[in-house]
4 protein chains.
Amino acid sequence: MTPGAPRGETCVKMGRPSNTAERRAQIVDALLTVVSKEGYARATIAAVAREAGLTAGLLHYHFASKQEILVALVERLVARLEERFQTRLAEAGDEPRARLFAWVDAHVALGADADPRAVAAWVVIGAEAVREPEVRDLYTAALVASRDRLRTLVAACLRAAGRSTRSSDRIAAALLSAIEGAYRVNAAAPGVLADGWAAPTLRRMIDAWIESEPAR
Amino acid sequence: MTPGAPRGETCVKMGRPSNTAERRAQIVDALLTVVSKEGYARATIAAVAREAGLTAGLLHYHFASKQEILVALVERLVARLEERFQTRLAEAGDEPRARLFAWVDAHVALGADADPRAVAAWVVIGAEAVREPEVRDLYTAALVASRDRLRTLVAACLRAAGRSTRSSDRIAAALLSAIEGAYRVNAAAPGVLADGWAAPTLRRMIDAWIESEPAR
Amino acid sequence: MTPGAPRGETCVKMGRPSNTAERRAQIVDALLTVVSKEGYARATIAAVAREAGLTAGLLHYHFASKQEILVALVERLVARLEERFQTRLAEAGDEPRARLFAWVDAHVALGADADPRAVAAWVVIGAEAVREPEVRDLYTAALVASRDRLRTLVAACLRAAGRSTRSSDRIAAALLSAIEGAYRVNAAAPGVLADGWAAPTLRRMIDAWIESEPAR
Amino acid sequence: MTPGAPRGETCVKMGRPSNTAERRAQIVDALLTVVSKEGYARATIAAVAREAGLTAGLLHYHFASKQEILVALVERLVARLEERFQTRLAEAGDEPRARLFAWVDAHVALGADADPRAVAAWVVIGAEAVREPEVRDLYTAALVASRDRLRTLVAACLRAAGRSTRSSDRIAAALLSAIEGAYRVNAAAPGVLADGWAAPTLRRMIDAWIESEPAR
DNA sequence: CATGAATGAGAATTCATTCAT
DNA sequence: CATGAATGAATTCTCATTCAT
């Protein structure tokens with residue numbers, strides 16, 4: 001830890017206005033770009049600095065370690081996804097199935113607010129999570145949040161359709177896996193699956209499953 | 001110098017008998033262990049050699065580069081999966097749905113012939129495929145083969161059920177993604193999804209979808 | 001990362017002042033010393049660093065590769081020789097034969113501005129040029145420049161002596177070869193040829209040949 | 001030193017006839033090829049073995065070390081040159097100038113008995129001599145022998161022309177240097193000097209110099 | 001004689017991190 | 001805040017040499 005280095009957001013003292021927040025964002029963005037293009041192993045501090053137009057020394061002024069930048073990146077990807085979901089949720093209204101589809105769309109749709117770099121980076125992060133406890137914790141937390149929300153959304157659909165909710169967990173697991181798997185295939189073996197297959201397919205899968213569940 | 005492929009069975013000149021095949025297998029196995037525990041970036045030649053109880057120099061005697069060992073590992077994982085599938089297929093008989101379930105089981109089941117290291121390694125390989133063309137090619141080839149086989153198996157099920165086969169591609173894509181995603185979640189965020197969820201869930205999903213397809 | 005060329009004189013942002021130029025010179029000088037004593041193959045990065053009193057890492061901070069240091073060394077040797085020639089040329093005045101002798105002297109004389117390491121290094125570089133294209137290009141360029149200049153100087157002498165210039169090329173070739181050969185013999189088999197033989201011998205050779213050429 | 005390894009030529013005991021002599025020649029030839037194409041640093045035991053169609057282990061059965069192969073190569077190059085000279089000398093008869101030209105021709109001519117690999121190898125050996133005492137000794141011995149013979153041949157020419165022999169040494173030194181330099185330039189910067197320039201030029205130089213020497 | 005596995009001491013190069021300016 | 005030199009530990013890979021078979 002560099003003593004005195006600015007890790008917080010607030011700046012009580014005046015003087016030269018701090019650009020820490022923007023610099024950190026800029027660095028995280030550069031990491032996102034490099035990771036998505038080259039993978040984590042090649043995302044050296046020097047490469048990230050070059051991408052950001054900064055120096056390696058400065059990166060270490062704003063972040064104590066390379067790991068810390070990765071953590072910030074994960075947080076940012078999760079936050080962006082959350083924004084995407086909230087936007088779609090607001091448009092979805094109260095209908096449970098629309099709300100579930102909003103979740104699916106937020107994850108797979110390639111709308112104007114989509115960042116193609118994010119998918120590749122997310123795949124890399126999943127692999128990195130296999131071994132870095134700190135990354136694993138963040139990744140796990142993100143998945144747990146997704147899983148729980150998904151469960152709730154699925155259960156609401158089942159309930160609205162007058163079906164038993166005992167399969168909520170399984171449907172949620174299948175959806176979550178399919179999303180993560182689609183990311184992965186798309187990033188690591190592009191072209192294997194047709195573009196845009198995911199959203200309509202998953203909607204169709206949801207419908208089929210709900211119809212086939214027994215009544216409550 | 002990587003020794004060439006075994007030059008046949010006859011050995012006119014005497015000399016030291018070759019143990020290349022076993023050594024290569026031993027090295028690949030060590031890579032599998034290390035990758036599954038530590039990820040590719042930490043799977044240094046030294047670490048793999050240590051795991052195998054060999055010297056780093058010897059690894060380079062049998063493989064020209066670290067990459068080449070990874071390639072051999074991918075080939076081995078694919079071959080093992082194929083074996084698992086063929087075994088289950090033989091038991092499945094002619095019933096189309098049983099054959100499709102054989103495919104699912106070969107991919108997710110954790111039977112006696114399952115190697116828990118393989119899942120973690122496969123996740124790492126997918127991430128590595130994002131940037132190493134040679135790895136990507138192998139990974140892509142494996143997925144393409146899976147996708148095509150899956151498509152055929154799904155279409156056979158639909159046909160046997162008297163349904164239209166127009167959704168074969170989508171169902172195959174969903175299954176493949178779910179499998180890849182399940183691997184990933186299982187390896188990178190263990191505990192997020194319940195143990196053993198996958199096989200029954202995917203079977204259920206298949207059944208539901210087939211039932212909901214329109215008649216041919 | 002090799003730092004780029006000095007970015008001019010102005011320095012808007014403050015920060016650590018660059019010492020790249022001196023460091024690079026220091027490293028090249030250390031390579032010169034080591035190569036002249038041990039040959040290129042033994043001029044390892046570690047050996048050069050030790051000679052320079054620096055760390056191996058720092059050498060790679062200032063030069064991207066070992067090759068690049070060698071290239072800088074060749075450039076420096078060529079530049080030094082050029083200086084030596086220009087100095088002598090200034091003293092030689094306008095007399096063509098004096099100007100040609102200035103060239104000879106610049107190449108063979110062991111005056112105050114001579115660096116005994118340079119001869120041994122130049123021999124090694126010639127051998128290295130046999131296989132490294134980049135070194136060969138530099139070496140070839142140096143020889144071509146020498147050959148062309150020599151040709152001009154020789155032709156001027158012949159003309160001033162009222163002789164045909166048709167042998168200019170041959171005389172230049174003989175002189176250039178004799179110089180390169182003298183370097184080589186001197187460095188690789190010291191003592192075989194008497195000290196200081198070259199300058200008077202080559203002058204004598206020039207005189208004899210010019211006298212024996214037919215009149216223009 | 002491998003005890004019992006065959007280093008001598010005679011083989012008193014009968015049994016499998018020794019192929020040591022041919023094997024050694026084959027290995028030396030392979031070294032010549034590799035050195036001329038790649039330089040000494042890249043002439044690894046493995047590369048030489050590959051070129052010879054043998055194994056690295058076998059090379060070490062026939063030679064105790066890499067150095068020893070190089071020594072054998074130098075000896076062979078010197079021996080071949082001597083053969084070339086003797087052949088031409090036999091054709092030259094008793095005329096001193098013809099005998100001197102025979103020496104020049106043996107060194108520069110590209111006759112049927114010339115091995116283009118030898119020139120490049122000789123250049124590399126000269127560089128290697130800068131640092132390897134054993135190589136330097138051989139190289140020096142070869143040059144001393146050449147120098148002395150040349151001196152005698154030159155003196156005989158001067159005497160036959162009724163000139164003073166006091167410049168014999170210088171002329172010999174100039175010729176030797178020119179030859180070594182021509183080798184070097186030809187190998188390291190091919191194309192800089194015109195093909196076939198050397199023989200006629202050196203003859204011309206010899207003639208001019210002899211004519212210009214004062215009478216005895 | 002011959003093969004080919006095995007070793008171990010480097011080799012160049014990379015890179016996160018520190019720190020003087 | 002920012003620069004850029006400097007470090008030192010790793011990392012991949014090379015290669016002469018040894019030796020069991």
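Here is the naming used below: chain letters follow the sequence lines, and residue numbers restart at 1 for every chain.
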Legend entry - Distance test, side-chain N/O of B:T55 to OP1/OP2 of E:dA6, below 4.0 Å: no
Legend entry - d(CG, A:L54; P, F:dA2) in whole Å: 8 Å
Inset, instruction - Tell me what B:I45 touches on the nucleic acid: a base, only sugar-phosphate, or nothing, going by heavy atoms under 4.0 Å. - result: sugar-phosphate
Inset, instruction - Mark yes or no for whether B:E38, through its side chain, and B:V34, through its backbone, hold a donor-acceptor pair below 3.5 Å. - result: no
Inset, instruction - Test side-chain contact (heavy atoms from CB on, under 4.5 Å) on D:L77 and D:I125 and set out the steps. - result: CA-CA 11 Å; D:L77 291 174; D:I125 287 164; 3.6 Å; yes
Inset, instruction - Grab the OH-P distance between D:Y61 and F:dT21 for me, whole Å please. - result: 19 Å
Legend entry - Length of the NZ-P vector between B:K66 and F:dT11, whole Å: 9 Å
Inset, instruction - Tell me whether the OP1 or OP2 atom of E:dC1 has a side-chain N or O from D:N19 closer than 4.0 Å. - result: yes
Inset, instruction - Check whether any side-chain N or O of B:H60 sits under 4.0 Å from OP1 or OP2 of F:dT14, and answer yes or no. - result: no
Inset, instruction - Taking only the side-chain heavy atoms of B:S65 (C-beta and beyond), determine which of E:dA16, E:dT21, F:dC13 contains the nearest atom. - result: F:dC13
Legend entry - Presence of salt bridge, C:D29 and C:R117, under 4.0 angstrom: yes
Legend entry - Value in whole Å for how far the C1' atom of F:dT14 lies from CZ of B:F63: 18 Å
Inset, instruction - Could you check how far CD of D:E38 sits from C1' of F:dC15, rounded to whole Å? - result: 15 Å
Legend entry - F:dG4 phosphate, OP1 or OP2, under 4.0 Å from C:H62 side-chain N/O: no
Inset, instruction - Can you tell me the distance, in whole Å, between the CD atom of B:Q26 and the P atom of E:dA6? - result: 8 Å
Inset, instruction - Could you check B:A56 against C:T44 and say which one's nearest nucleotide on DNA chain E is further toward the 5' end? - result: B:A56
Inset, instruction - Would you indicate which nucleotide in F:dA6, E:dT17, F:dT12 comes nearest to any side-chain atom of C:R23? - result: F:dA6
Inset, instruction - Mind calculating the distance between CG (B:L70) and C1' (F:dT12) to the nearest angstrom? - result: 15 Å
Legend entry - side-chain N/O D:T20 vs E:dC1 OP1/OP2, d < 4.0 Å: yes
Inset, instruction - Please figure out whether B:G57 or B:P17 has its closest DNA chain E nucleotide nearer the 5' end. - result: B:P17
Inset, instruction - Write down the partner of F:dA6 under the Watson-Crick or G-U wobble criteria, each distance required to be under 3.5 Å. - result: E:dT17
Legend entry - Value in whole Å for how far the P atom of F:dC1 lies from CZ of A:R24: 12 Å
Legend entry - Test side-chain contact (heavy atoms from CB on, under 4.5 Å) applied to D:T33 and D:K37, step by step: CA-CA 6 Å; D:T33 299; D:K37 280 195 303 202; 3.9 Å; yes
Inset, instruction - Given side-chain contact (heavy atoms from CB on, under 4.5 Å), test D:E22 with D:N19 step by step and report yes or no. - result: CA-CA 6 Å; D:E22 306 95 87; D:N19 60 0; 3.5 Å; yes
